[in-house]
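Only one structure is covered here, and it is reproduced in the block below.
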Amino acid sequence: MNKAPSEVEKFIHQLASPLTALQSAVDLLAHHYGQSDDQRLRNLIGSLQRSTARLRQFSEHLTGRLQVEGNMIVARVPIEAYQPAMSAQPASSPAVSIGSGLAVLVGGTTLDGLAQALVAAGLEVQRVMTGAAGLDLARRRRPRLLVIAEEIADIDPPTCVQIAGTDPETREVVAVVASHHPLVGGNVPLLDLSQPLLGQVQRLLTAHHSERGVPRILLVDDEPEIRGTLGQQLTDAGLVVVTAADSATAVQLATTQHFDLVVLDRLLPDGDGLQILHTLRATPATRLVPVVLLSAVSALDEKVRSLQLGADDYIVKPCSAAELTARIRAILRRSGWDSSVNPLSHLPGNIVIEQVIYERLVKQQSFAVAYIDLDHFKGYNDHYGFFKGDAVIVHTARLLADIVHWYGEADDVLGHLGGDDFVLVTTLERAQRLGQAMIKRFDATIPYFYSAEDRERGYIFGHDRQGRPCRYSLVSVSIAVVPVAPSQYQQPYEIAQRAVIVKRQSKTMIGSCLLVDQSERG
């Protein structure tokens, strides 16, 4: 009769002893370092306190329902007892220190409050009314901060921020869009004018400095404490970490921003991590992004299944940050050597595109291949230098990726063959529709990569391939579309050869153009 209580008590002791030691250690840390000047240390102690309290609460639910059944100790816990409590996280308010320097504000009266706050914090503020003027001023004076108001009319504000972040002359400038309303799906830094301003500016300046040339990681986990502590440890290891708490946010971030790797929790409140993995692998923009799955399930068949579905690694919780960081860096090293991804644009390269075309030829599908390249790019590259030329290529890749993402379909595949040559595998109807959208956006934005004088003149001076002086018009885009009917071509290189002829014809036209191959081939 005394066996059951004795075994239960032993079980409770095995659980309570380390919890008690953990609670004591956390209390000791809080006593000695809770008032530290190190904000990260205070945040870590707060996270430990909250997690320990949750663990003790769950332990109480568990130990109060233990009983012996045969040779097993069984606990029957109501579902509501282990549902995670969505408690609000206390906001930290560190002292704001921005320093000195220049801030360029682009827009009208909506930025008056920001201007006053920045001047009071010690920054020089210069104001202009158009995105073109803001970019020109940023190139001349290299400010610390470039703020684009949401209502400017000459250029789309997020695009203006992207140009500033791409152009080597302004890449070190912190460029943001200022708005009273969050931008849905925006892939640019945002300054929320309805919230305290200086704290946001400080965080933007700090984040921008830390992200230069550093791998970007998307960490997906519904536990706020795990996102906080694990995210901080990965940040301390030299990675830039963006977090998401649910499936919807994870997919939205992964498909609208560039990440070098995704760390994905296996079980999320609004879906299965494997469902997200399937979505990432089925989406052209993310099909090659490495994914590491985190799971509390250690069963071999679950690991095998996850790897078969496209995961690059499978790590069982709890895991150390050191192990996770080491595995992430190993995967990043491998993916950096992957010749199937263009290192400049992060788009699929020749190998992937050739494979996609070949598969559709084998399946006897009707499709189209659009070849996109830039006109007068050599003149631009020679005049402004190859760093500025690379910025134009990255901008072109971003425009194409955005257009395919928003207006294309899941089976559209965009690739970068190298230099200023891109390719899109899609249908004939979509090739024409997406191509015209690309021409419209490209022609509207490319002038902002020129100086004010060259932009106003409409051309630059240079030399042709024979070394003779000449004028180069502003860079334009030519799109040659080759429709492919079943059995019309046998190999991908035949389509490429036909595209060369169509591209040559398009080069005789003035300005950006789209030309569809009208020839019949049997």
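Everything numeric here is computed off the predicted structure, so don't read it as measured data.
A salt bridge links D112 with R127; the closest basic N to acidic carboxylate O contact falls under 4.0 Å. Salt-bridge check for D313 with R329: failed, with every basic side-chain N at 4.0 Å or more from each acidic carboxylate O. Between R227 and D265 there is no salt bridge, since no side-chain N of the basic residue sits under 4.0 Å from a carboxylate O of the acidic one.
For the pair D420 (side chain) and L374 (backbone), a donor-acceptor distance under 3.5 Å is present. R144 places a side-chain N or O within 3.5 Å of a backbone atom of S100 that can act as its donor or acceptor partner. At distances below 3.5 Å, not a single donor-acceptor pair connects side-chain atoms of D312 with backbone N or O atoms of V292. Checked by atom type and distance alone, the side chain of T130 pairs as donor or acceptor with a backbone atom of A133 at under 3.5 Å. The closest donor-acceptor contact from the side chain of D154 to the backbone of A132 lies under 3.5 Å. The main-chain N or O of D192 is found under 3.5 Å from a side-chain atom of Q200 such that the two form a donor-acceptor pair.
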Intermediate values then yes/no, side-chain contact (heavy atoms from CB on, under 4.5 Å), I217 and V263: CA-CA 7 Å; I217 308 298; V263 178; 3.9 Å; yes
side-chain contact (heavy atoms from CB on, under 4.5 Å) assessment of D411 paired with R430: CA-CA 11 Å; D411 60 346; R430 288 202 297 274; 3.0 Å; yes
side-chain contact (heavy atoms from CB on, under 4.5 Å) assessment of D412 paired with L434: CA-CA 11 Å; D412 293 336; L434 298 176; 4.1 Å; yes
Full working for side-chain contact (heavy atoms from CB on, under 4.5 Å) between H278 and L309: CA-CA 7 Å; H278 174 76; L309 290 174; over 6 Å; no
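Side-chain contact, R266 with S306: no donor N or O sits under 3.5 Å from an acceptor N or O.
Looking only at side-chain heavy atoms (C-beta outward), P215 and L261 stay at 4.5 Å or farther from each other. Contact of the V394 side chain with the R398 side chain is registered, since non-hydrogen atoms from C-beta on lie closer than 4.5 Å. Side chains of L294 and L230 form a contact here, defined as non-hydrogen atoms less than 4.5 Å apart. Using a 4.5 Å heavy-atom threshold, the side chains of Y314 and S295 count as touching.
Each of T445, T159, T166, D390 was scored for a side chain to side chain donor-acceptor pair (under 3.5 Å) with H395, with one residue passing: T445. With V201 as the fixed residue, the side-chain contact (heavy atoms from CB on, under 4.5 Å) test singles out one of V147, V174, V176, L118: L118.
Considering every non-hydrogen atom in both S179 and L190, the closest pair reads CB-CD1, 3.8 Å. Annotation for A397 and L347: closest pair CB-CD1, 3.9 Å, computed over non-hydrogen atoms. Contact record, T249 with A244: CG2-CB, 3.9 Å, taken as the closest heavy-atom pair. G134 and L146 get closest at one heavy-atom pair: O-CD1, 4.1 Å. Scanning all heavy atoms of the two residues, the minimum distance from A149 to G107 falls at CB-CA, 3.9 Å. Residues P143 and V104 share a closest heavy-atom pair of CG-CG2, 3.7 Å.
Taking the six-membered ring where tryptophan is involved, the planes of H416 and F422 are essentially parallel, since the angle between them stays under 30° and well short of 60°.
In this structure, E354 places its CD atom where only 12 or fewer heavy-atom neighbours from other residues, nucleotides or ligands lie under 6.0 Å away. Residue-environment remark: CG (L307) exceeds the threshold of 12 foreign heavy atoms within 6.0 Å.
For residues 156-168, every residue pair satisfying the salt bridge (charged side-chain N to carboxylate O under 4.0 Å, His left out) rule, not counting sequence neighbours, is listed here: R139-D167, D167-K388.
L268 CG to E223 CD: the interatomic distance, rounded to the nearest 0.5 Å, is 10.5 Å.
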